[in-house]
Every structure is written in C-alpha cells, then in structure tokens.
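Bear in mind the structure is a predicted one, so any value in this text is a computation, not a measurement. Here is the naming used below: chain letters follow the sequence lines, and residue numbers restart at 1 for every chain.
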Amino acid sequence: MRDGFSDGAVAAALLPWYDRHARDLPWRMGPAALAAGERPDPYRVWLSEIMLQQTTVAAVKDYFQRFTALWPSVTALAAAEDAAVMAEWAGLGYYARARNLLKCARVVASDHGGVFPDTEDGLRQLPGIGPYTAAAIAAIAFDRPAAVMDGNVERVVARLFAVETPLPTAKPELRLLTERLTPDTRPGCYAQAVMDLGATVCTPRSPACGICPLVAMCRGRAQGIAAELPRKAPKQAKPTRQGIAYLALRTDGAVLLETRPDKGLLGGMLGWPGTDWTEAPPPEAPPLAADWHDPDLEVRHTFTHFHLRLRVLLARVPQDAQPERGSFHPRASFRPASLPTVMRKAWDVAAGAWPKD
DNA sequence: AACACGGGGTT
DNA sequence: AACCCAGTGTT
C-alpha cells in the first residue's frame with residue numbers, strides 16, 4: 001500500500017478500460033483475440049515499435065501497411081536492398097531507425113534463425129532496440145512483465161503520483177513507480193493500456209480527467225496540477241542555418257541525386273547535391289558546370305535542432321553532362337516520395353520554375 | 001551527461 | 001511563427 005491505493009489497483013482499473021476502449025491498430029492483436037489464445041507476430045510488434053519511436057500512430061499507419069506488404073517477415077526484410085528500405089522509410093524521419101531496422105533484421109535472420117529473442121535482455125542487444133522498445137516487445141509480443149516506459153507512461157505516472165521533479169531528472173523516480181505498477185497478469189495489455197491512456201485521455205494538454213479510469217487515484221488531479229505535469233527543463237532555441245540545393249534536370253528527364261553518407265543528418269537517404277548547411281551563407285558549390293538559374297525559391301524546414309532556409313537553384317543540362325557529384329536517376333524510376341521531406345519540398349517548389357532551355 | 005537526429009500536430 | 005511531442009546511438 002502506498003499513497004492510498006495498492007500497486008495492483010492501477011492495473012485493475014486500467015485493464016477493463018482497455019478491454020472496452022483498445023484502439024484497433026494494424027499491428028495490434030486485440031484483447032478478444034488474445035483471450036482466444038492467439039499471439040501477436042513478434043515481427044509486426046517490433047516493426048511497429050521501431051516506427052512508433054518519436055512518431056505518432058497516425059503517421060505510422062500507412063508506412064506499416066506498405067512495409068508489411070512488401071516484406072511480410074523478418075527474413076524477407078533482411079533480404080531487401082538497402083536503397084529500397086530507405087526509399088520506403090522516406091518521410092517518416094529519424095533515418096537512423098531505418099538503417100538500424102535493416103541491421104536488426106539481418107542479425108535476427110542470420111544469428112537467431114529468423115526468430116526474435118523473447119526476453120527483454122535478448123532484445124536489448126539488437127540494433128535500434130533500447131530500453132523502451134525491448135520492454136515493449138517483451139511485454140506485447142511475449143507477455144512478459146516488463147516495465148514499459150515511454151513518454152506517455154512518464155506523463156501518466158507523473159500525474160498519478162504528482163511527481164513535480166522536472167524531466168529528465170525525474171526519470172529514475174518515474175521508472176521505479178512504473179516498475180511497481182507493472183502487473184504479472186496480462187502485462188502486454190497493461191503496457192498498451194497505459195500508453196493508450198496517455199495518447200487519448202491523459203494527453204499533454206487538456207487531459208480528459210472526466211473520463212479517466214484512474215481519476216479516483218490521481219494525486220495530480222487531486223492537487224489540481226495534473227495538466228502541468230510532467231514538468232520539463234526549459235529547452236534551448238533553434239538557430240537558423242542556410243544552404244543551397246542544386247536540382248539538375250537532364251534533357252531526357254533524368255534528375256541528379258546523391259546518396260548521403262550513412263552518418264549524420266538524413267544519413268543514407270537520397271538528396272539533391274548542395275552546399276553544407278551553416279549559419280553563415282555558404283559559398284556556391286554546384287555539382288556540375290551548367291547555366292544555373294536562381295528563380296528565388298526558398299524551402300523552409302525545421303529539423304530537431306535547427307531551422308533551415310534552403311535556396312533552390314535549377315539547371316537543364318545536356319544528355320552528356322558529367323556531374324562531379326551524384327548520379328542521374330531516370331525520371332521513370334524517380335519517386336519524389338522516396339526523398340526525405342526537405343528534399344521533396346525542394347522538388348515541389350521547383351515545379352513550374354524550370355528554365356526553358 | 002550532453003548532444004544529434006525528422007516530422008507532424010496544435011495554438 | 002512559435003510551440004509541443006519524444007527513443008536510440010554516439011561521444
């Protein structure tokens with residue numbers, strides 16, 4: 001007993017709520033199917049959890065459907081071409097996830113016979129699987145009583161216990177509370193229940209305490225500070241960087257693209273050749289000699305830690321053009337959707353601004 | 001422990 | 001336009 005209710009009371013209140021309100025998601029095995037003895041496919045659980053890192057359910061849904069249609073199993077994914085996987089991931093962000101996804105699939109295929117480890121510790125050893133994801137897969141796919149703590153859980157627990165310590169300092173404290181609340185029965189459903197509650201009821205702003213199954217035990221609510229929790233350390237301002245992107249269109253319609261280095265921003269993704277992105281205006285650095293036009297186009301895009309103002313220069317180039325950087329991709333196989341968002345924006349603003357000849 | 005790493009949503 | 005959200009890997 002602690003704070004007026006037993007550790008099991010939270011799960012006891014949350015599981016019936018989940019049984020009624022569990023969202024129907026492409027990767028989720030609902031409470032009814034689980035009760036009938038079905039088990040989730042660990043591959044689908046893993047894939048969804050990687051995609052859901054730092055990313056909303058709404059953004060993930062279509063990507064998950066395309067990935068599972070193209071690669072229905074971890075062995076199928078392990079055999080995919082790097083470029084094909086990166087192209088399918090384009091637009092979802094945090095591209096290191098896609099590189100680690102492929103690494104992980106290949107380790108599972110080659111070192112584990114295509115079968116995911118079924119323990120938190122085993123999962124934790126795989127590329128791209130950290131503390132949260134290892135616990136989530138162990139709980140959801142293998143029904144192990146792992147303490148699953150993501151941002152939603154941090155918020156729910158901080159409010160439930162009125163934890164006023166700011167993040168990230170509060171993490172160890174919240175983890176301890178999360179561990180104590182994790183039940184031995186139906187831990188997979190419980191983990192999804194807390195995260196669903198955080199996503200749909202105990203929201204960052206304007207939480208719907210009136211319909212919350214935990215309202216009776218919520219100390220944050222009792223103290224009138226629920227909506228202010230969790231407190232967070234102030235974040236620093238983003239600087240603005242500038243750069244130039246060079247879009248070259250060959251006579252036959254082919255476009256000049258380069259694959260970015262694996263390390264760093266947009267690593268491993270296709271992009272337009274260009275300058276570095278720096279706070280001072282960069283010197284011009286065209287990837288080939290051409291009559292570069294400046295139609296005064298600018299793309300604005302915000303990354304995790306800086307704003308970018310990207311100037312877009314255009315050129316039509318002859319069939320025999322020899323680029324110093326990048327390679328020409330035939331128009332027929334070039335899909336703007338296979339570019340990261342900032343690069344797709346550059347293509348979009350260029351439409352209608354191409355020089356006549 | 002601090003930093004790098006996207007994109008989308010809301011206000 | 002400014003603000004919000006938030007796991008993993010690297011250093």
message: What contact category does A:Q54 fall into here, base, sugar-phosphate, or nothing, at under 4.0 angstrom with non-hydrogen atoms?
response: base

- request: For the residue pair A:W89 and A:M51, establish whether any side-chain heavy-atom pair is separated by less than 4.5 Å.
  value: yes

message: Once you apply a heavy-atom cut-off of 4.0 Å, does A:L266 come out as touching a base, just sugar-phosphate, or nothing?
response: sugar-phosphate

query: Looking at A:Y95, does any N or O in its side chain come under 4.0 Å of the phosphate oxygens OP1/OP2 on B:dG7?
result: yes

- prompt: Given the P atoms of C:dA6 and B:dT11, what is the spacing between them in whole Å?
  reply: 15 Å

Polar contact flag, side-chain donor to acceptor under 3.5 angstrom, A:T119-A:R124: no

task: Start with the C-alpha gap between A:R311 and A:D296, add the side-chain angles, then the distance that decides, and say whether side chain to side chain contact (heavy atoms under 4.5 Å, CB included) holds.
output: CA-CA 7 Å; A:R311 188 160 207 75; A:D296 200 28; 3.1 Å; yes

query: Any side-chain donor paired with an acceptor under 3.5 Å for A:R28 and A:Q192?
result: yes

query: For B:dG7, does OP1 or OP2 lie under 4.0 Å from any side-chain N or O of A:H301?
result: yes

query: With distance as the sole criterion, is a donor-acceptor pair present between the side chains of A:Y132 and A:E49 under 3.5 Å?
result: yes

- prompt: For A:N100 and C:dT10, what is the distance between atoms CG and C1' respectively, to the nearest whole Å?
  reply: 11 Å

- prompt: When the distance from CE of A:M195 to P of C:dG7 is rounded to whole Å, what number comes out?
  reply: 9 Å

- prompt: Can you check whether A:R300's main-chain N or O pairs, donor with acceptor, with A:K345's side chain at less than 3.5 Å?
  reply: yes

query: Taking atom P of B:dC5 as reference, at what distance in whole Å does atom CG of A:L92 sit?
result: 18 Å

query: Roughly, in whole Å, what's the span from OH in A:Y94 to P in C:dT8?
result: 12 Å

query: Under 4.0 angstrom, heavy atoms only, what part of the nucleic acid is A:R155 near: base, sugar-phosphate, or nothing?
result: sugar-phosphate

field: Euclidean distance, atom NZ of residue A:K235 to atom P of C:dA6 [Å, nearest integer]
entry: 9 Å

field: DNA chain B-proximal residues of residues 124-147 of chain A, any heavy atom under 4.0 Å
entry: none

- request: Looking at every strand, decide which applies to A:K238 at a 4.0 Å heavy-atom threshold: base, sugar-phosphate, or nothing.
  value: nothing

- prompt: Is any side-chain N or O of A:T304 under 3.5 Å from a base N or O of B:dG6, one able to act as donor and the other as acceptor?
  reply: yes

query: Tell me: CZ of A:F306 to P of B:dG7, nearest whole Å?
result: 11 Å

- prompt: Taking OP1 and OP2 of B:dA4, is either one under 4.0 Å from a side-chain nitrogen or oxygen of A:K263?
  reply: no

- line: Per atom distances to the A:K232 side chain, the nearest of C:dG7, B:dG6, C:dA6 is C:dA6

Rounded interatomic separation in angstrom, taking NE2 from A:H305 and P from B:dG7: 13 Å

- prompt: Taking the side chain from A:R97 and the backbone from A:I50, do they hold a donor-acceptor pair closer than 3.5 Å?
  reply: yes

message: On DNA chain B, does the nearest nucleotide to A:F303 precede the nearest nucleotide to A:A58 from the 5' side, or the other way round? Give the residue.
response: A:F303

field: Interatomic distance at P, B:dG6 relative to C:dT11, whole Å
entry: 15 Å

message: Quick one about A:Q53 and A:T133 (side-chain donor to acceptor, distance below 3.5 Å, no hydrogens or angles considered), yes or no?
response: yes

field: Protein-nucleotide distance (A:L265, atom CG; C:dT8, atom P), rounded to Å
entry: 20 Å

query: Heavy atoms under 4.0 Å, any strand shown: does A:G267 hit a base, just sugar-phosphate, or nothing?
result: nothing

task: Between C:dA6, B:dG9, C:dG7, spot the one nearest the side chain of A:N152, thanks.
output: C:dA6

